A.B. asks: 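Here's a structure for you.
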Amino acid sequence: MYDLKALRENLDQIRAVLGRRGNDVPWDDLRKLSDERRMHTMQVEQLRQELNKGSEEVARLRRAKEPADEAMAAMKRLGDRIKNVEGSLRQVEETLNNLALRIPNLPHASVPVGSDASENVEVRRWGTIPSFTNPPKPHWEIGENLGILDFDRAARIAGARFSVMTGAGARLERALINFMLDTHTTHHGYREVVPPLMVNRASMTGTGQLPKFEDDLFRLKDEDYFLIPTAEVPVTNLHREEILSGDSLPLRYTAYTPCFRREAGSYGKDTRGLIRLHQFNKVELVSFTTPDRSYEELERLTGHAESILQSLMLPYRVITLCTGDMGFSAAKTYDIEVWLPSQQQYREISSCSNFEAFQARRANIKYRPTTGKKEAKTDFVHTLNGSGLAVGRTLVAILENFQQPDGSVEIPSVLQPYMGGMGKITKDTP
RNA sequence: GGAGAGGUGGCCGAGUGGCCGAAGGCAGCGGUUUGCUAAACCGCCGUAGGGACAAAAUCUCUACCGAGGGUUCAAAUCCCUCCCUCUCCGCCA
């Protein structure tokens, strides 16, 4: 979301920087509506001033017990006129807002220009890709052979793109959640949050899922609630409509939540296994910072997500998304991709973004800078978030990277305390 | 779900049609006084949008007393709808 004044004054510039990202934005309508809004606003304010003055005059006359009928009639006419102009203003503003909410964020200058995923830029790699004597199995085979993943029953209970984990698989999922949360809270300084999993329309608009992407969301039938597609939504909205004190920043939160996505338009992609589900678990990192420190924070946050993979000894790489592959709300995004032996490729396991003031403007999240004694003007915070990590995909990576020739899976040593000391999952594990 | 009571500035709290962007208090900021601390006293102290000024300081206008409508020349105040909070009852993990 853009500041409407800034939008009006820099329309062409914004349009140029957005390039292909702004292809479906009706720029001419925006320009026209912006001008109309300004005109109507000025008119309403001027008429209101007249009305206020006139009403004061009426009050004065009546106190003085002088006749006021004429003044009252004049004000009545003026009031009707105001109602008229206000009506048009309201209409213009509604349309304008609706359009403005659908303009994507401006990419940061450091983001590579490109049209799709093929033009993303690799930043670094970590870890050693494991070698196998036999072809590595996909995780669903490993999991089903071990009796810890059950897609047939998940389909019966719910449908396609759902999973059931049992026994050591369920425990491994829980171990990963606890390990991630513990790491982020005790070593990285995040405050743990358990938020609502359903949110209202205003929250979804605040983080940018609405109004443009309603089709991607699960929505309740009888209430205007949506299932969260990521903890980013409720956690960022923790501070919606707030003015934070400057020295409370940065505020760092972590939350484990299930996430719900309709995956409309992804038919035929990743149809097997845990990679793409309607419901999955994720540990999320969310940060609120001052504008001058948000890019520093993006590096830090990405590092926190990476540290989980390093602890688990999982090989990964970090890429910078190009302008064409970035999400709607982001100014800059790093994806972290973990190595999946069965696919012989890196797959996304975390996405870390700086939204700059884009979400803060939508959600009205400000801070008051603390520059010495003087109270400074409020400004919008910058918001960031990143997966730290997608739990299901982490489990996939563990099954695939640590699979053994006998079909068992070794458990990374940092997780073993969370698994009651279990060192590997075998067919006989209860 | 039923019955009732409420939602006012960072907080507490007054305000039942005009002189109310809103008394008073607390907190905060600046100052005076003062061996230090404290106290006392004085001043400042909401957000947003527009205009004036080259710009800043500043001045000025408009809006905002949970949200949205309505009545009225005029609404924090009256009416309607919705949201939220609290109390009691019912149901419930």
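Note that the coordinates shown come from a computational prediction; the quantities given were computed from them, not determined experimentally. Each chain gets a letter, A, B and so on, in the order the sequences are listed, and its residues count up from 1.
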A.B. asks: Measure from CD1 on A/I82 to C1' on B/C73 and round the result to the nearest Å.
C.D. replies: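 After rounding, the gap between these two atoms is 11 Å.
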
A.B. asks: Give none if B/G6 has no partner; otherwise give the nucleotide forming a Watson-Crick or G-U wobble pair with it, both distances under 3.5 Å.
C.D. replies: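 Checking every strand shown, B/G6 finds its partner in B/C84, with both distances under 3.5 Å.
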
A.B. asks: Could you tell me the Watson-Crick or G-U partner of B/G43, where both distances fall under 3.5 Å? Say none if there is no partner.
C.D. replies: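 The base-pairing partner of B/G43, which may sit in any strand shown, is B/C29.
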
A.B. asks: Just name whichever nucleotide pairs with B/C92, Watson-Crick or G-U, keeping both distances under 3.5 Å, else none.
C.D. replies: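 Its partner is none (no Watson-Crick or G-U wobble pair with both distances under 3.5 Å).
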
A.B. asks: side-chain contact (heavy atoms from CB on, under 4.5 Å) with A/M180: which of A/L176, A/D182, A/N178?
C.D. replies: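 Among the candidates, only A/L176 passes.
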
A.B. asks: Listing time: all N or O pairs from protein to nucleotides 49-51 of chain B that are below 3.5 Å?
C.D. replies:
unit_1 : atom_1 : unit_2 : atom_2 : d
B/G49  : N2     : A/E45  : OE1    : 3.1
B/G49  : N2     : A/E45  : OE2    : 3.2
B/G51  : OP1    : A/R38  : NH1    : 2.6
B/G51  : OP1    : A/R38  : NH2    : 3.0

A.B. asks: Whole angstroms only, please: what is the CD-C1' distance between A/E93 and B/G68?
C.D. replies: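 Nearest whole value for this atom pair: 15 Å.
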
A.B. asks: Phosphate oxygens OP1/OP2 of B/A63: is one of them under 4.0 Å from a side-chain N or O of A/N52?
C.D. replies: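 Affirmative; the distance criterion is met.
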
A.B. asks: Can you tell me how the ring of A/H188 sits relative to the ring of A/H184, calling it parallel under 30°, perpendicular over 60° and tilted otherwise?
C.D. replies: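 Because their plane-to-plane angle lies in the 30° to 60° range, the rings of A/H188 and A/H184 count as tilted.
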
A.B. asks: What is the base-pairing partner of B/U72, counting Watson-Crick and G-U wobble geometry with both distances under 3.5 Å?
C.D. replies: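 Here B/U72 is not engaged in any pair, so there is no nucleotide opposite it.
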
A.B. asks: How close or far is atom P of B/A67 from atom CD of A/E241, stated in whole angstroms?
C.D. replies: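 Computing the A/E241:CD to B/A67:P distance gives 11 Å.
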
A.B. asks: When you compare B/C42 with B/C78, how far apart are their C1' atoms, in angstrom units rounded to a whole number?
C.D. replies: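 Pairwise C1' distance, B/C42 against B/C78, rounds to 42 Å.
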
A.B. asks: On RNA chain B, compare the nucleotides closest to A/L51 and A/R48; which residue's is nearer the 5' end?
C.D. replies: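 Looking at RNA chain B, the more 5' nearest nucleotide goes with A/R48.
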
A.B. asks: Nearest-nucleotide wise, let me know which of A/I243 and A/V58 is further upstream toward the 5' end of RNA chain B.
C.D. replies: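 By nearest-heavy-atom nucleotide position, the 5'-most residue is A/I243.
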
A.B. asks: When the P atoms of B/A52 and B/U37 are compared, how many Å lie between them, rounded to an integer?
C.D. replies: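 These two P atoms come out 49 Å apart once rounded.
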
A.B. asks: Rounding to the closest angstrom, what is the interatomic distance between B/G66 and B/G25 at atom C1'?
C.D. replies: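 Their C1' atoms lie roughly 24 Å apart.
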
A.B. asks: Under 4.0 Å between any heavy atoms, over every strand shown, what does A/M72 touch: base, sugar-phosphate, or nothing? Just pick one.
C.D. replies: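 Base contact - A/M72 has a heavy atom under 4.0 Å of at least one base atom.
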
A.B. asks: Would you mind reading off the distance between A/D80 atom CG and B/U71 atom C1', rounded to a whole angstrom?
C.D. replies: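 One finds 13 Å between C1' of B/U71 and CG of A/D80, rounded.
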
A.B. asks: Can you tell me the distance, in whole Å, between the CZ atom of A/R362 and the C1' atom of B/A48?
C.D. replies: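 To the nearest whole Å, that distance equals 19 Å.
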
A.B. asks: Between B/A63 and B/A57, how far apart are the C1' atoms? Round to whole Å, please.
C.D. replies: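 Result for the C1' pair: 25 Å, nearest Å.
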
A.B. asks: Can you check the distance between B/G68 and B/U8, where both ends of the measurement are the P atom (answer in whole Å)?
C.D. replies: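 Pairwise P distance, B/G68 against B/U8, rounds to 16 Å.
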
A.B. asks: Would you call A/R393 and A/D270 a salt bridge, taking side-chain N to carboxylate O under 4.0 Å as the test?
C.D. replies: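 So A/R393 does not pair with A/D270 through a salt bridge.
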
A.B. asks: Rounded to whole Å, please give me the gap between CE in A/M75 and C1' in B/G17.
C.D. replies: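 So the two atoms are 18 Å apart, to the nearest Å.
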
A.B. asks: For the C1' atoms, the ones on B/A67 and on B/G50, what distance do you get once it is rounded to whole angstrom?
C.D. replies: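 Approximately 24 Å lies between the C1' atom of B/A67 and that of B/G50.
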
A.B. asks: Parallel, tilted or perpendicular: which fits the ring planes of A/H239 and A/Y253, with parallel below 30° and perpendicular above 60°?
C.D. replies: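 Ring orientation, 0 to 90° scale: tilted.
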
A.B. asks: When the C1' atoms of B/G49 and B/G31 are compared, how many Å lie between them, rounded to an integer?
C.D. replies: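 Per the computed distance, 34 Å lies between those C1' atoms.
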
A.B. asks: Just to confirm, is there a sub-4.0 Å distance from OP1 or OP2 of B/U47 to any side-chain nitrogen or oxygen of A/R368?
C.D. replies: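 It does, given that an N or O in the side chain of A/R368 lies less than 4.0 Å from OP1 or OP2 of B/U47.
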
A.B. asks: Does B/C73 have its OP1 or OP2 closer than 4.0 Å to a side-chain nitrogen or oxygen of A/R77?
C.D. replies: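 For A/R77, the contact criterion (side-chain N or O under 4.0 Å from OP1 or OP2 of B/C73) is not met.
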
A.B. asks: Which donor-acceptor pairs under 3.5 Å do the side chains of residues 67-83 of chain A make with protein atoms, sequence neighbours left out?
C.D. replies:
none

A.B. asks: I need the CG-P distance between A/L78 and B/C73, as an integer number of Å.
C.D. replies: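 Answer to the nearest Å: 12 Å.
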
A.B. asks: Please determine, for B/C59, whether a Watson-Crick or G-U wobble partner exists with both distances under 3.5 Å, and give it or none.
C.D. replies: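 Looking at the geometry, B/C59 pairs with B/G51.
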
A.B. asks: Need one value for A/K83: base, sugar-phosphate or nothing, where a base atom within 4.0 Å counts as base even if backbone is also close, heavy atoms only.
C.D. replies: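 A/K83: backbone/sugar contact only, no base atoms under 4.0 Å.
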
A.B. asks: Atom CD of A/Q49 and atom P of B/A74: how far apart are they, to the nearest Å?
C.D. replies: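 The distance from CD of A/Q49 to P of B/A74 comes to 17 Å, rounded to the nearest Å.
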
A.B. asks: When the C1' atoms of B/A75 and B/C19 are considered, how many whole Å apart are they?
C.D. replies: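 Pairwise C1' distance, B/A75 against B/C19, rounds to 15 Å.
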
A.B. asks: Would you confirm whether the ring centroid of A/F218 sits within less than 6.0 angstrom of the ring centroid of A/H278?
C.D. replies: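 Distance test on ring centres: under 6.0 Å, yes.
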
A.B. asks: Under 3.5 Å, is there a donor-acceptor pair between the A/D335 and A/S351 side chains?
C.D. replies: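 Present: a donor and an acceptor within the cut-off.
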
A.B. asks: Is it true that A/R8 and A/D35 have a side-chain N and a carboxylate O under 4.0 angstrom from each other?
C.D. replies: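 Salt bridge: yes.
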
